[in-house]
Amino acid sequence: MPMKKEWVALLLTVGILAADLLAVNGARKVIPAADYQEKIEASEATERCIRAVRRLKEERGIPINTASDINDTGVIGQDYSQITTTLGNLEAKRTSTNPNMAAVVVDMFHELGLQPGDQVAINCSGSFPALNIAVMCAVDTLELEPVLISSFGASTHGANDPELTWPDMEYALWQQGLLRHKSSWFSIGGMEDVGREMPPEEVETIVNRLQGYGYPWFYDDDLLHNVRARYQLYRDSGDIKCFVNVGGNDASFGDSSVMVHTDGGILTELSEKDQSTGLVQLFLKDGTPVIHLLNIKGIAAEYGLPIDPVPIPEVGGGDIYYQYEYSRPLALLGLLAAGAVLLWGNRKKRDAGIQRGKAG
C-alpha cells in the first residue's frame, strides 16, 4: 500500500530540518569571547603562580606526591597529614589545577556584572590551593577589591603540607609580586573552624608562623557565632557585591547539610531552605550573589574544560574562551523549506478529503 502523502511530507520535513541543523552547525563561526584577553591574562597569571608554588616546594625540600600529582604541578598535596581535615576527591583536585579555571571565574564575575573597584568577599580553605590562586588572579585582572579570610586546614590532596599551608603559599606569592592582594585574616579551619581533629602543637606552630607574617588570627570556637562574626567582618569592609566560597570549610554552610546537595557555580538561592547558619546562606538572604567553587568536575564540564586532564591544558584551551556565531539566513531557509513541505502535505490531505466528500 502506497504511503500516505501526509507521512511523506512529515518525513521530508524531518529530513530537511536535520540537514539544516547540520548545515548551520557546519557553517558556524568560532570567535573569541568579548572578555577573551582578560581570561587569558588571569589564566596566565594563575599558571605563573602554580609554577612558583612548585619551585617553592623544591626550595624548601617539601616532597611532591608524584603518585597523585601526575602532572607534577606541586599544588596537589599529601594523602594525609596532621592538618588534613576530610577526604577530598582527587580527580576534582587535579581538575582544579588547570590554569584555565581562572577564565571560568572571570566569566562568572562578568555574568554578575562586576566592575573594577567592586568589593568581593572571599572565603578560602586550604583544600583547593589552585582554585584559590585562580580566584585571586581573576580578582587582580578585573581590578576588584577583595576582602579575604583563609583557613589553613585542608582535605586530602589539598594544601595539607604543614610546612607549606595555603596562607604560606599565598604570602610567598604576594611577596614575589605574583598576587596583588593577600588574606585580611586567617583561621585554623577543620572541625568547627578550630581544628579539633588536629594536634594542638601542630596548630600552634602554624598559627605562630602565620602571625609572624603579619596575618591577624581569627578564632572563635562557637561555630554559629564564628560565622556571624566573619559575616560582620565582611560587611564592615564595605559594599560587598559578591561572595566567593572556595572549598567547603565549616564556615561556608555552618552546621547545615545543604552543601551536600548544592551544585557549584553561581548561586542566587539554595535548592533547600534551611536556617541561615553559614556564610553562603547569610549572603544569599541579603540578596548578594554567591560563587560557590565546589563540585569542580561539574563546573569544569559546564564551562567546557576537561576533567582530570593529562597533561595540563595550555592557557587558552577550552570553550570558555570562545563563542559561536550561527547563520540566521541558513537557519531561516531550512525552516521555510520545512514549512513549505508541511503545507504541501496538508494541502494534499485536504484535497483528498474534499474528493471523498464529493464522492459521498
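Both backbone and side-chain heavy atoms feed into the values below; hydrogens, waters and symmetry mates do not.
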Spacing of [X] atom [atom1] and [Y] atom [atom2] [to the nearest 0.5 Å]:
X: I188; Y: T85; atom1: CD1; atom2: OG1; value: 12.5 Å
X: L142; Y: D35; atom1: CG; atom2: CG; value: 8.0 Å
X: T84; Y: Q78; atom1: OG1; atom2: CD; value: 8.5 Å
X: I296; Y: L131; atom1: CD1; atom2: CG; value: 4.5 Å
X: N245; Y: L267; atom1: CG; atom2: CG; value: 9.0 Å
X: Q211; Y: N208; atom1: CD; atom2: CG; value: 6.0 Å

Is any side-chain heavy atom of [X] less than 4.5 Å from a side-chain heavy atom of [Y]?
X: I291; Y: P289; value: no
X: V147; Y: W185; value: yes
X: R209; Y: T165; value: yes
X: C49; Y: L173; value: yes
X: I122; Y: M136; value: yes
X: D107; Y: H110; value: no
X: E41; Y: V106; value: no
X: F283; Y: Y234; value: yes

Which atom names give the shortest non-hydrogen contact between [X] and [Y], and what distance separates them?
X: P99; Y: I312; result: CD-CG2, 3.5 Å
X: L223; Y: G254; result: CD2-C, 4.0 Å
X: S151; Y: W166; result: O-CD1, 4.4 Å
X: M101; Y: S96; result: CG-O, 3.9 Å
X: G77; Y: N65; result: O-ND2, 3.3 Å

Near-ring test F253/H292, centroid separation under 6.0 angstrom: yes
Any donor-acceptor pair under 3.5 Å from [X] side chain to [Y] backbone:
X: T95; Y: E91; answer: yes
X: N100; Y: E314; answer: yes
X: R228; Y: T277; answer: no
X: R180; Y: D140; answer: yes
X: D319; Y: G304; answer: no
X: S183; Y: I149; answer: no
X: T73; Y: V75; answer: yes
X: E269; Y: L284; answer: no
X: N123; Y: A251; answer: no

Stepwise side chain to side chain donor-acceptor pair (under 3.5 Å) test for S127 and K93: CA-CA 8 Å; S127 297; K93 299 294 174 75; 5.0 Å; no
T66 side chain to D69 side chain, donor-acceptor N/O pair below 3.5 angstrom: no
Quick one about R48 and S43 (side-chain donor to acceptor, distance below 3.5 Å, no hydrogens or angles considered), yes or no? no
Determine the interplanar angle of the Y36 and Y321 rings, folded into 0 to 90°, and report it as parallel if under 30°, tilted if 30 to 60°, perpendicular if over 60°. perpendicular
Can you give each donor-acceptor pair under 3.5 Å made by side-chain atoms of residues 55-63, sequence neighbours left out, with the distance rounded to 0.1 Å?
| from | atom 1 | to | atom 2 | distance (Å) |
| --- | --- | --- | --- | --- |
| K57 | NZ | G74 | O | 3.0 |
| K57 | NZ | D161 | OD2 | 3.2 |
| E58 | OE2 | R54 | NH1 | 2.7 |

List the atom pairs, donor and acceptor, that lie under 3.5 Å between side-chain atoms in residues 237-244 and the rest of the protein, sequence neighbours left out.
| from | atom 1 | to | atom 2 | distance (Å) |
| --- | --- | --- | --- | --- |
| S237 | OG | L233 | O | 2.8 |
| D239 | OD2 | K241 | NZ | 3.0 |

side-chain contact (heavy atoms from CB on, under 4.5 Å) partner of S187, chosen from N226, D193, N249: D193
Test: K182 cationic atom under 6.0 Å from Y215 six-membered ring centre, within 45° of axis: yes
State yes or no: do L178 and V53 share one hydrophobic cluster built from I, L, V, M, F, W and Y residues joined by side-chain heavy-atom distances below 4.5 Å, directly or via other members? yes
Are Y219 and I83 co-members of a hydrophobic cluster defined by side-chain heavy atoms under 4.5 Å apart? yes
